[in-house]
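Since the structure is predicted, the reported quantities are computational estimates derived from the model, not experimental observations. Numbers for residues simply follow the sequence, beginning at 1. Only this structure's heavy atoms are used, side chains among them; waters, hydrogens and symmetry mates stay out.
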Amino acid sequence: MTTFVLLHGGGMGGWTWKYVRELLETLGHKVYTPTFTGFGERSHLIGRDVGNATHVQDVVNVLRYEDLRDVVLVAHSYAGTVAPGVIAQIGDRIASVIYLDAIVPHSGERIASLMGYVPEDQLAGLDAMLDAGEGPIGSGVDAMQREAAKTHPHLMDPDREKWLLDNLSDQPMKATACVIPVGAETIEKPVDYIAAAITVMTAMHDRARALGWTIHSHPGDHALLVGDPEGTVELILKITASKGAA
């Protein structure tokens, strides 16, 4: 039995791992799917001060209070910016790391600028506004994802896509604008990266290669954990088994 801690993407929540979690638990594994502050069932806690540090602490606390050890940490999308901070604080409890089509940040970067959405100087100004208690609380990422799906539907059953889109929630603007103090280059453990074929994360795949991470390809899109949970679980377990942990 392996203990998995699955970290969700932007606009999502622990709920997005529903199908992957069910498959892993059926096979006898222990699975935790924490939701970051301000997302999903914790969306009522969204605030201008909720950013990277909060989300790192969310996960660190789960590992500590649940007394989890020898964990396989899996980070999807936005969670790639959270995982390095978690590993820096509590890496002795983590056996291996898997990035699932996730952002690969360097220390000192901000999500919106490293993804090419907002110039760095504008983002720094917005971050300062948030620190002063001003500016937008949310980033509107849920609305953007719903709009994008109209022209580029996800590779999944329409009913499942509707479930995914209906449950999306906003992402704290602070998480999008703040500096990520601990980047992926600080991770000393071996990292496996699952790269989706249809995704906005192509540049992140290149970053993962540059860091020497092992790359695994998946033919699906960025929401592969919902669209193809079976294939996602197969890859996760194959990677975990190669580390001698499954």
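Here Val50 sits alone; no ILVMFWY side chain lies under 4.5 Å from its own, so it joins no hydrophobic cluster.
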request  = Please lay out, stage by stage, how Thr54 and Gln57 fare under the test side-chain contact (heavy atoms from CB on, under 4.5 Å).
outcome  = CA-CA 5 Å; Thr54 305; Gln57 200 61 49; 5.9 Å; no
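Using a distance-only test at 3.5 Å, with no hydrogens or angles considered, no donor-acceptor pair links the side chain of Asp101 to the main chain of Ala195. Arg146 places a side-chain N or O within 3.5 Å of a backbone atom of Leu165 that can act as its donor or acceptor partner. No side-chain donor-acceptor contact under 3.5 Å links Arg21 to the backbone of Val31. Checking side-chain atoms of Gln145 against main-chain N and O of Gly10 turns up a donor-acceptor pair under 3.5 Å. Asp192 places no side-chain N or O within donor-acceptor distance of the main-chain N or O of Ile239, the cut-off being under 3.5 Å. Here the side chain of Asn52 pairs a donor or acceptor atom with the backbone of Thr81 at under 3.5 angstrom. With hydrogens and angles disregarded, no donor-acceptor distance shorter than 3.5 Å links the side chain of Lys243 to the backbone of Pro190.
Tested against Thr2 for a side-chain contact (heavy atoms from CB on, under 4.5 Å), the candidates Leu27, Val72, Val71, Leu237 yield a single pass: Val72. A side-chain contact (heavy atoms from CB on, under 4.5 Å) with Thr176 is found for one member of Ser139, Ser113, Pro136 and no other, namely Ser139.
The list of ring pair (Phe, Tyr, Trp, His ring centres under 6.0 Å) pairs with a residue in residues 196-221, not counting sequence neighbours, reads Tyr99-Trp213, Tyr193-His205. Listed by first and then second residue, the salt bridge (charged side-chain N to carboxylate O under 4.0 Å, His left out) pairs involving residues 196-216 are Glu109-Arg207, Asp206-Arg209 (not counting sequence neighbours). For the ring pair (Phe, Tyr, Trp, His ring centres under 6.0 Å) condition, the pairs that include at least one residue of residues 45-92, sequence neighbours left out, are Phe36-His55, Phe36-Tyr78, Phe39-His55, Phe39-Tyr78, His55-Tyr78, His76-His222.
The 12-atom threshold is not exceeded at CD of Glu188, counting heavy atoms of other residues, nucleotides or ligands nearer than 6.0 Å. Within 6.0 Å of CG in Asp70 there are 12 or fewer heavy atoms belonging to other residues, nucleotides or ligands.
A salt bridge between Lys174 and Asp127 is present, with a side-chain N of the basic residue lying under 4.0 Å from a carboxylate O of the acidic one. Salt bridge absent: Glu234 and Lys238 never bring a charged side-chain N and a carboxylate O closer than 4.0 Å.
Contact detail for Val141 and Ser169: the closest heavy-atom pair is CG1-O, 4.2 Å. Summarising the geometry of Asp142 relative to Asp170, their closest heavy-atom pair is OD2-N, 3.5 Å, with the distance given to 0.1 Å. The two residues Val104 and Ala184 come nearest to each other via the heavy atoms CG1-CB, 3.6 Å.
Listed by chain and number, the residues in a ring-ring contact (aromatic ring centres under 6.0 Å, His included) with His154 amount to none (sequence neighbours excluded). Listed by chain and residue number, Trp163 satisfy the ring-ring contact (aromatic ring centres under 6.0 Å, His included) test with Tyr19 (two or more places apart in sequence, or in another chain).
Taking 4.5 Å as the limit, some side-chain heavy atom of Ile94 sits within range of a side-chain heavy atom of Val86.
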